[in-house]
Amino acid sequence: MRARAEAGANIAFIKYWGVRDQRLNLPLNDSVSMTLDVARTITEVEFSPSLSADVLTINGVSASQAALRRVSRHLDLLRERAGVAWRARVASRNTFPMGAGLASSAAAFAALTAAAAGALGVALDGAEMSRVARRGSGSAARSVYGGYVWWHAGTDDASSFAEPLAPPEHWDVRDVVAVVAEEEKKVSSAEGHLLAHTSPFLRARLAQVQRLLPRVREAILRRDLSALGPCIEADALAMHFVMMSSRPPLFYWAPETVALLKAVQVWREAGVAVYFTIDAGPNVHLICEAEDVERVVARVRRLEYVRRVIVAGPGPGVALQETA
Ligand code: PMV
C-alpha cells in the first residue's frame, strides 16, 4: 500500500490570515493564489502492518515530534475513511527552503493527502481532496489545483474548499522570490492565524478583502497585471498590519524586506511592471509577467542583501507519480 505524489507551493494574491475554526482550518476570508512550478514537494507514503508508529522523514532527515504528530493526525483522517489502522512510513522531499515565506506546508499537505489517499485506495475528487488537504494546512486546499485558484472560505467542513479559476497556461505570471533569510520562522502560521482576532485592524482588512476579491478575479481572467498588482500589494500590506498589530505582535519582516519594497517602487517608477507580495516570512515575492522577468531578476541580483533568487511560474496541481 504505497503511493507517491507531487504538489507545488502557492503564492497567494489575496491572503488567508485568521481562522474561524482551528480544528477544521476554516478561514475568515476567501483567498486566491497561483500554484508554483518550481517550489515542489514529493511525498511517498507506505502503509504497513509491521509498523507500530508512523515514521516521517523530511529531506532524508528524521522529522521533529511536532511535525510527526501533525502528519499522523492528517493520516488519521484518511485511515478513518479507509477503515485501516496500519501505520505509515512517510518520506517527503522539498525543492525549496522550508519555513521562510514560501508556503512549504501547502505543498506538503497537498502531496501528503494525495499520496496517502492513493496508497489507501481512497478515491477523492478535487473538492474532497481540497477539503482534506485544508485540514493539514489551510493553504494546502489551494495547492490541489494548478494555475490560478480560488479558495471559498465556506462556513463548515463541507463548504470550505478550493476551485480552479484558470489553468497554468492561461497567463505566464512569474514569482521572483527574493530570499533574504532562510531560517525557519519563529512563530508558525498555524499559531499566527489564532492571533488575527486580537488586531484592531482585522475588520478593516476583511472589508478590504471583500472589495479586492472581484477585482483580483477579473484581473486574472483578463490577464491584466496593472489591475492585479495594486490589489495584491494592498492585501499583503493589510495582512502584515494585522500581524504587526496582534497581541503579541508578529513581525515577519526583516530590514531587507522594507528595502525591497522601496526598491520595487523605484523600479516601477522606472517603467518595470513589477509588484510585491509577502507571506508569513521576510522574503519578498516579486510578481511580474514573463516578458519582464529578466529585467526584474537582473535588478534583484544587484542587491547585495538578497541571498538567493528563485524564479517560479504557474505550475500544475497535485498528481500521483508512478512508484517502482
Ligand atoms: O496554510 P498556512 O496555515 O501555512 O497559512 C498560510 C498563510 C499565508 O501564507 C501567509 C497566506 C496564504 O494565503 O498563503
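Just so you know, ligand 1 is whichever comes first in the structure, and atom 1 is the first atom listed for that ligand. Values below: all heavy atoms of this structure, side chains included; hydrogens, waters and symmetry mates excluded.
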Mutual orientation of the aromatic rings belonging to H240 and W253 [parallel < 30°, tilted 30-60°, perpendicular > 60°]: tilted
Test: R79 and D76 ion pair at under 4.0 Å: yes
Residue R142 vicinity, atoms of ligand 1 by number, heavy atom under 4.0 Å: 12 (C), 13 (O), 14 (O)
Atoms of ligand 1 close to K15 [distance to a heavy atom under 4.0 angstrom, numbered from 1]: 11 (C), 13 (O)
Numbered atoms of ligand 1 (with element) below 4.0 Å of A12, judged on heavy atoms: 12 (C), 13 (O), 14 (O)
N10 side chain to T35 side chain, donor-acceptor N/O pair below 3.5 angstrom: no
CZ (R93) with more than 12 external heavy atoms under 6.0 Å: no
Polar contact flag for S105 and ligand 1 (N/O pairs, less than 3.5 Å): yes
Gap separating the CZ atom of R135 from the CG atom of L26, nearest 0.5 angstrom: 9.0 Å
Whether Y16 and W151 hold their rings parallel, tilted or perpendicular, with breakpoints at 30° and 60°: perpendicular
Contact atoms of ligand 1, heavy-atom distance to H193 under 4.0 Å: 2 (P), 3 (O), 5 (O)
Ligand 1 atoms in contact with S137 (distance to a heavy atom under 4.0 Å): 1 (O), 2 (P), 3 (O), 4 (O)
Nitrogen or oxygen atoms of S31 and ligand 1 under 3.5 Å apart: no
Atoms of ligand 1 close to G138 [distance to a heavy atom under 4.0 angstrom, numbered from 1]: 1 (O)
N or O contact, N10 vs ligand 1, cut-off under 3.5 Å: no
